[in-house]
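Presented below is the structure to which this report refers.
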Amino acid sequence: MIAENLEIVRKTIQRTAENCGRNPNDIRLVAVTKTCPATAIQEAMLSGQYLFGENYIQEAERKIAEIAPAAQFHYIGHLQSNKARIAAQIFQMIETIDSLKLALTLNRHLVQIGKTMDILIQVNTGNDAKKSGASPEDAENLVREVSSLTNLNVRGLMTMPPFFDNPEKVRPYFRQLRSLAENLREKNLFHDNKKVEISMGMSNDYPVAIAEGATLVRVGTAIFGSRQ
Ligand SMILES: *Cc1c(COP(=O)(O)O)cnc(C)c1O
């Protein structure tokens, strides 16, 4: 099941990229494994998937301990400062930095363990009071501040737009994130302005996100089935 689903998602990524004139290799699939057992991650690895996304620190810590070190994990949940110490240890990237306070705490833990981490700034493109993320207006300032911290590399932006059944309704939010990233790239604000990461798109809308410039798509349900 997981192998077949992965194949479908990969083919969709490839076809969508080609249809809009993008190189499929510029788009990385983050297989979202929140609530899935470690065995599901191992099964995906047997099909060549090595990049995963997790939302809950304790769950991720337990599962990552069981998984071969070849796998990489991105944190995509809302990070609380009191979990930043563990997050610093177990993740390759944190996609959801949305405040200077959180960045400072994470940086302090990274300094202690002598590790540098790639991060994304989460932007609340929908300006939704219930969602985390810096407002689009504050994003530039936050990118500048976080970039000044010694052990964090700001690689790009991430968003989790409002949910719509019709993925076309999400397109304006993806477009907004892309244009914000482009704007900050022109000001040379990212760690690597030749390769700026844009994390957007989930099971329901990742083809639209790819058409709008995503470099990381975060897909759970379409690979592992629906969660409880
Ligand atoms: C759960 C989650 C996903 C994956 O959602 P699906 O609809 O299952 O593909 C992607 N991004 C974030 C931030 C999530 O929390």
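Start at 1 and go down the list; that is how both ligands and their atoms are numbered. Just so it is clear, the structure is predicted and the values come from calculations on it, not from any experiment. Throughout, numbering of the chain's residues begins at 1 and tracks the sequence.
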Hey, does the side chain of Glu59 reach the backbone of Thr35 with a donor-acceptor pair shorter than 3.5 angstrom?
yes
Minimal non-hydrogen separation, Val217 against Ala214, with atom names:
CG1-CB, 4.0 Å
Let's go through Ser135 and Glu137 carefully: what are the C-alpha distance in whole Å and the side-chain angles of both, what is the deciding distance for side-chain hydrogen bond (donor to acceptor under 3.5 Å, both in side chains) to 0.1 Å, and is it a yes or a no?
CA-CA 5 Å; Ser135 74; Glu137 298 73 37; 3.3 Å; yes
Is there side-chain contact between Gln176 and Pro136, with at least one heavy-atom pair below 4.5 Å?
yes
N/O donor-acceptor pair under 3.5 Å between Asn153 side chain and Arg155 backbone
no
For ligand 1, what N or O to protein N or O distances fall under 3.5 Å?
{"residue": "ligand 1", "atom": "8 (O)", "partner": "Thr221", "partner atom": "N", "Å": "2.8"}
{"residue": "ligand 1", "atom": "8 (O)", "partner": "Thr221", "partner atom": "OG1", "Å": "2.5"}
{"residue": "ligand 1", "atom": "8 (O)", "partner": "Arg227", "partner atom": "NH1", "Å": "2.8"}
{"residue": "ligand 1", "atom": "8 (O)", "partner": "Arg227", "partner atom": "NH2", "Å": "3.1"}
{"residue": "ligand 1", "atom": "9 (O)", "partner": "Ser203", "partner atom": "N", "Å": "3.0"}
{"residue": "ligand 1", "atom": "9 (O)", "partner": "Ser203", "partner atom": "OG", "Å": "2.5"}
{"residue": "ligand 1", "atom": "9 (O)", "partner": "Gly220", "partner atom": "N", "Å": "2.8"}
{"residue": "ligand 1", "atom": "11 (N)", "partner": "Arg218", "partner atom": "NE", "Å": "2.8"}
{"residue": "ligand 1", "atom": "15 (O)", "partner": "Lys34", "partner atom": "NZ", "Å": "2.7"}
{"residue": "ligand 1", "atom": "15 (O)", "partner": "Asn55", "partner atom": "ND2", "Å": "2.7"}

Could you tell me whether Arg85 atom CZ has more than 12 heavy atoms of other residues or ligands within 6.0 Å of it?
no
